[in-house]
Amino acid sequence: MDAHSPPVASCFCGFVGDEFFANVPRMNFKEELNEEQYAAVTASDGPALVVAAAGTGKTRTLIYRLAYLVTEKEVQPWEVLLLTFTNKAAKEMLTRAETLVQRRFNSGYSGTFHSFANRLLRSHADCIGFGRDFTILDADDAKKLMRACIDELDVEKKHFPKPDVLLSLFGVVSGRMGDLSAAVTERFEHSEVDPDWVLKAHARYQARKKESNAMDFDDLLIHVLKLLVENEKIRAFYQDEFKYVLVDEYQDTNAIQAQLVHYLVKTHGNLMVVGDDFQSIYSWRGADFRNFLDFEKAYAGAKTFKLQINYRSTPEILDVANEVISGNPEQFQKELQAVRENGDVPHLVKVRDGSMQARFVIEKARELNRKGIPLSEICVLYRSHFHAMELQMELARAQMHYVVTSGVRFFEQAHIKDVCTVLRLLVNPSDELAFSRLIEMLPKVGKKTSHKIFHKLGGRVNLQREETHEQLIAALPAAAREGWEVLKPVFLAYHEENLQNDPGEVVFRFGKVFYTEYMVENFDNHKFRAEDIDGLIDFTVKFDSTEAFLSEIALLSNLDNEGGKAPSDEENEDALRLSTVHQAKGLEWKVIFVLFLNEDMFPSKKAIEEAGDSEERRLFYVAVTRAKDELFLCTPMVRRQRDGGMIFLDPSRFISEIPEDILRQNGGFF
């Protein structure tokens with residue numbers, strides 16, 4: 001076999017001779033599946049779309065499809081390729097299928113799209129100009145290489161994105177198979193970043209990877225698609241090798257993944273994709289749910305199967321879910337049908353403000369816990385991280401265990417600590433940690449430099465004095481001085497304009513002159529972080545002074561470090577769960593609270609301005625369908641503004657779309 005020949009099928013022959021798996025058991029699929037699942041599992045050859053609504057047994061259907069192909073169609077297990085988005089999901093499905101048919105499924109190819117791509121490229125990378133021993137760069141390696149490319153180009157780094165920001169952008173664009181130049185221009189159009197230098201950095205990064213015989217995570221998909229498109233012999237081999245292809249969560253595929261699947265099944269068309277267009281919520285990272293909606297157009301003669309029998313939630317919760325999603329016009333129409341007995345009517349909880357909302361959640365969670373529901377079976381969901389700010393405060397005061405399953409706690413996030421650093425330093429000029437965190441945001445300032453400057457200034461940096469700024473600017477590296485000149489008025493105004501009692505104004509000005517641009521250049525999700533900071537600014541109006549605000553944050557941190565500290569899942573299972581809706585997809589709890597169901601909050605104002613409300617409605621549908629037994633939809637009535645006034649909040653349009661007779665109104669929590 002020459003260097004470019006595909007591996008021969010005999011590499012799988014060890015499975016055939018394995019006596020333990022010699023006799024495939026017969027199965028009664030009709031008895032073990034409902035009618036909808038049975039129809040999908042036993043579908044004839046050719047393209048098939050399985051529209052699996054929430055809680056309808058999607059995973060079970062995929063597993064039994066694998067088993068059906070082996071036991072009834074007499075397909076060899078290694079002739080079936082399963083593609084998923086997580087190794088955990090792939091392992092679970094393959095293991096359960098192996099248990100059913102007592103045959104080994106996983107030949108090493110099934111798994112995530114990226115693991116599949118890696119396996120093929122290990123045999124054929126030389127066909128596209130790489131060695132088969134290529135290195136896969138992890139996230140840290142990729143950032144280091146990108147940084148080296150930027151250094152080699154001698155880019156002016158004062159206004160240039162961090163490597164991880166560039167890598168994230170390049171990855172999304174490649175996944176969409178989009179126009180990089182247009183995407184770069186759009187991404188940085190409101191910043192001082194020069195798009196031409198970004199494109200030069202990208203070109204240099206591509207060249208350096210090729211020179212080093214290395215690929216990053218995104219390259220695996222790019223190069224495996226190139227391999228299949230350009231090499232007919234290899235493409236034909238794998239089309240014959242994998243006689244059936246199954247894809248999980250197809251609504252989350254991007255353009256390059258959809259193309260990869262297309263080339264694998266082009267000759268035989270034996271493709272089954274499973275997913276739910278109602279749960280397509282990842283467009284911001286490149287997913288295109290039109291791959292799912294347009295499947296019947298892309299694959300002539302495709303059969304469509306709908307799974308609508310829900311085993312998770314009570315009928316009352318499903319009534320709400322069906323009403324929620326019916327407002328989206330572009331979708332496969334389907335309606336969840338319950339098999340469970342009737343339960344409690346979902347609650348619409350009208351509260352005065354965010355603080356009352358937090359107290360309601362805590363008291364109701366305690367009540368449910370006393371009735372025997374573990375705290376770990378209660379989850380609080382929210383659209384954006386800042387929606388949980390007041391709740392985390394109240395949980396700390398109440399010494400109630402909780403776990404933030406979608407990342408770090410609100411006040412521990414880098415961007416929140418960054419902006420609070422300004423306030424800390426104004427209140428306490430001797431706070432070296434705050435000084436270092438702030439000054440290291442400037443170009444050419446690292447830990448050693450910040451430490452040296454702090455002690456050169458006598459260990460006390462009173463930024464309300466003009467003389468301190470003069471001394472500091474003289475001590476700073478030349479590249480950092482202009483940045484500090486921009487910041488100086490923010491600090492001087494603290495005393496001159498009597499802003500001691502308005503920490504939100506200080507944070508607002510800091511963002512306007514410096515931090516907004518800093519986020520664009522340093523965080524790939526800068527828009528979400530900007531929302532958090534806006535929420536923080538509004539939150540500060542609850543406090544009479546900067547000192548009071550900082551004391552409350554310190555109290556929260558100290559309580560967390562004592563009895564109120566949220567343990568990990570392993571340390572203490574009985575802890576209340578907090579999560580963004582995005583991170584909760586695929587999970588379920590007995591009880592769900594959804595916070596801040598108000599216009600401009602859920603749905604997000606920024607999201608609607610950019611893309612309309614369809615994906616936001618799908619996000620709300622995902623939140624509702626996480627609940628098994630009880631659902632509480634919370635809508636505060638007012639929110640204090642930075643100027644001290646009150647703004648009346650409108651209920652979310654999603655709440656308004658739900659008929660009143662299928663919700664129980666809970667009011668009066670003022």
Side-chain angles (χ1 to χ4, degrees), residues 114 137-212 214-223 225-226 252-259 282-288 290-291 414-415 441 443 479 483 511-512 514-531 604 606-607 609-612 615:
H114 291 88
L137 302 175
D138 62 21
D140 188 55
D141 291 334
K143 282 192 284 189
K144 288 178 179 176
L145 181 57
M146 178 58 75
R147 170 56 62 199
C149 293
I150 294 169
D151 290 341
E152 289 171 10
L153 291 171
D154 196 24
V155 175
E156 171 52 58
K157 301 182 186 65
K158 179 182 173 184
H159 291 295
F160 200 76
K162 287 287 181 68
D164 47 352
V165 173
L166 294 179
L167 292 170
S168 176
L169 174 61
F170 299 158
V172 170
V173 175
S174 69
R176 290 174 175 163
M177 301 177 72
D179 182 330
L180 181 62
S181 179
V184 169
T185 300
E186 180 183 359
R187 172 66 168 78
F188 299 112
E189 65 178 332
H190 299 302
S191 73
E192 297 186 42
V193 175
D194 185 341
D196 289 338
W197 279 108
V198 173
L199 294 173
K200 289 176 183 177
H202 176 263
R204 185 67 190 128
Y205 178 62
Q206 297 299 102
R208 281 291 304 273
K209 285 185 293 183
K210 192 71 174 289
E211 293 166 7
S212 304
M215 301 183 196
D216 62 24
F217 207 54
D218 299 312
D219 290 330
L220 294 174
L221 297 185
I222 294 169
H223 292 314
L225 180 59
K226 177 182 173 68
D252 292 334
T253 55
N254 58 29
I256 201 167
Q257 289 162 335
Q259 281 292 301
Y282 296 120
S283 63
W284 49 276
R285 67 186 193 195
D288 187 353
R290 293 196 174 280
N291 292 337
H415 54 296
M441 295 183 208
K512 185 177 181 180
F514 177 80
Y515 199 71
T516 298
E517 176 73 18
Y518 180 86
M519 285 193 293
V520 170
E521 297 167 9
N522 287 271
F523 300 119
D524 63 325
N525 58 347
H526 66 101
K527 291 181 181 179
F528 295 111
R529 294 177 188 256
E531 279 190 339
S604 160
K606 282 188 172 69
E609 288 174 350
E610 291 183 4
E615 184 158 323

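Under the 3.5 Å distance criterion, with hydrogens and angles disregarded, no donor-acceptor pair is assigned to the side chains of Asp218 and Ser174.
Residues Asp196 and Lys200 are not paired through a salt bridge, judged by the lack of any N-O separation under 4.0 Å between the basic side chain and the carboxylate. Salt bridge status for Lys162 with Glu521: absent, with no side-chain N to carboxylate O gap under 4.0 Å. With salt bridges taken as basic N to acidic carboxylate O contacts below 4.0 Å, none links Glu152 and Arg147. Note on Lys209 versus Asp219: salt bridge recorded, some NZ/NE/NH1/NH2 to OD/OE distance being below 4.0 Å.
Looking at Lys527 and Glu531, their side chains never come closer than 4.5 Å, going by heavy atoms from C-beta outward. Side chains of Asn522 and Pro161 form no contact here, defined as non-hydrogen atoms less than 4.5 Å apart. Side-chain contact between Tyr518 and His526 is absent, with no heavy-atom pair separated by less than 4.5 Å. Between Asn254 and Met177 the shortest side-chain heavy-atom distance does not fall below 4.5 Å. Contact annotation: the side chain of Phe514 approaches that of Met441 to within less than 4.5 Å [non-hydrogen atoms, C-beta and beyond]. Residues Glu610 and Glu615 form no side-chain contact, since every pair of their non-hydrogen atoms from C-beta on lies 4.5 Å or further apart. By the 4.5 Å heavy-atom criterion applied to side chains, Leu167 and Tyr205 are counted as neighbours. Between Asp288 and Arg176, every side-chain heavy-atom pair lies at or beyond the 4.5 Å cut-off.
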Residue pair Val165, Phe170: steps toward the side chain to side chain contact (heavy atoms under 4.5 Å, CB included) verdict: CA-CA 9 Å; Val165 173; Phe170 299 158; over 6 Å; no
For Glu517 and Lys512, what are the C-alpha separation, side-chain angles and deciding distance, and is it a salt bridge (Lys or Arg N to Asp or Glu O under 4.0 Å)? CA-CA 8 Å; Glu517 176 73 18; Lys512 185 177 181 180; over 6 Å; no
Determine, stepwise, if the pair Leu169 / Phe188 fulfils side chain to side chain contact (heavy atoms under 4.5 Å, CB included). CA-CA 11 Å; Leu169 174 61; Phe188 299 112; 3.9 Å; yes
List the steps, then state whether side chain to side chain contact (heavy atoms under 4.5 Å, CB included) holds for Phe528 with Lys606. CA-CA 9 Å; Phe528 295 111; Lys606 282 188 172 69; over 6 Å; no
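Closest non-hydrogen pair, Arg187 versus Phe523, comes out as NH2-O, 3.3 Å. Nearest approach of Ala479 to Pro443, heavy atoms of both residues: O-CG, 3.8 Å.
For the atom pair CG of Asp216 and NZ of Lys143, the computed distance is 13.0 Å after rounding to the nearest 0.5 Å. The distance from the CD1 atom of Ile256 to the CG atom of Leu221 is 5.5 Å, given to the nearest 0.5 Å. The CG atom of Asp194 sits 8.5 Å away from atom CZ of Phe160, with the distance rounded to the nearest 0.5 Å. For the atom pair Leu137 CG and Lys144 NZ, the distance stands at 11.5 Å (nearest 0.5 Å). A distance of 10.0 Å separates CG in Asp252 from CG in Asn291, rounded to the nearest 0.5 Å. In this structure, Thr253 OG1 and Arg290 CZ are separated by 13.0 Å, a value rounded to the nearest 0.5 Å.
The neighbour count for Gln206 CD, taken as heavy atoms of other residues, nucleotides or ligands under 6.0 Å away, is above 12.
Taking the six-membered ring for Trp and thresholds of 30 and 60 degrees, Phe217 and His114 have nearly parallel ring planes, at less than 30 degrees apart.
Side-chain N or O atoms of Ser212 include one that pairs as donor or acceptor with a backbone N or O of Arg208 at under 3.5 Å.
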